[in-house]
Amino acid sequence: MKIISSIDALRDQLRGQLRTVFVPTMGNLHEGHLSLMRLARKHGDPIVASIFVNRLQFGPNEDFDKYPRTFQADVEKLEKEGVYVLFAPTEKDLYPEPQAFRVSPPDDLGNILEGEFRPGFFTGVTTVVLKLFSCVQPRVAVFGKKDYQQLMMVRNMAKQFALPTEIIAAETWRADDGLALSSRNMYLSADERAEAPSLYAQLQAVADEVRGGHLDIFELERAAMAKLAARGWKPDYISIRKRADLQPPSAGDLAQAEPLVVVAAAKLGRTRLIDNLEI
Ligand code: PAF
């Protein structure tokens, strides 16, 4: 595996490749990331991964400085997955100017859910993804469904900017007890780690109710948040949304069995976890 930090060297290395498949990450790779690499292999060749902890997508009071950086261990994992190039730019390599031009996501998707609780987050994500795409020029890129809104945002951006990159979604990788794998899980204490699967358990309970015909979604959301709060969580939201655009379903949508997803974000101690489940 070639480890490349400069944009020019990356372009030289990938010149002439027409089927590049790309998996962007912020490192601290776990089994969930590796499942993205395995899915990538089915959709193109060579596989290019990136590791870049993107300051632009962190708020001033968020965990940019303490975000886990485990570069050597990550390199070994990517080598085993047959990754051809690891693009690992420094901030100076990627944002030398600094990055004054930024992507401005639409309000109806950018300012709801994660966007409401993490102002500027999707500007940061879409800006770095657009820039990484410009560097790698992939035909296909793989994103995990755990970041459901991010996946939709990247898909919509690729479509609206007519980017020549097809976006593939990978299923969420879960521990045996249901907890979605995330780099932030390592912030959890042993007690918090034992409690953490109850976020997914609440999503399953909500999904079961909806599937069983309980369509008072406001009441379902309220009850699920209250249950988490009673267990010591601080929920930002648990929300039933339309899969198509992440807007709340109308009574008509519910009557017509519009495909739904329940999305959630909640803090356990100092760790903020997100998860979702398609209904
Ligand atoms: O999901 C992530 O790890 C990041 O948001 C991404 C897509 C690599 C952009 O920094």
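One-based numbering, in listed order, for ligands and for the atoms of each.
In this structure, R69 forms a cation-pi arrangement with F64, its terminal cationic atom sitting closer than 6.0 Å to the ring centre and no more than 45° off the ring axis.
E114 has its side chain within reach of I274: a pair of non-hydrogen atoms, C-beta onward, lies under 4.5 Å apart.
Heavy-atom proximity to atom 9 (C) of ligand 1, evaluated over M153, K131, Q150, Q57, is greatest for Q57.
In V154, neither the side chain nor the backbone holds a heavy atom less than 4.0 Å from any atom of ligand 1.
In summary, the aromatic rings of F22 and F87 are positioned with their centroids too far apart to meet the 6.0 Å limit.
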Which side-chain N or O atoms in residues 123-134 pair as donor and acceptor under 3.5 Å with protein atoms at least two apart or in another chain?
residue, atom, partner, partner atom, Å
T126, OG1, F122, O, 2.6
T126, OG1, T123, O, 3.3
T127, OG1, V103, N, 2.9
T127, OG1, T123, O, 2.6
K131, NZ, L94, O, 2.5
K131, NZ, Q99, OE1, 2.8

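The distance from ligand 1 to the heavy atoms of V128 drops below 4.0 Å at these ligand atoms: 9 (C), 10 (O).
At the shortest separation from atom 3 (O) of ligand 1 among protein heavy atoms lies M26 CG, 3.7 Å.
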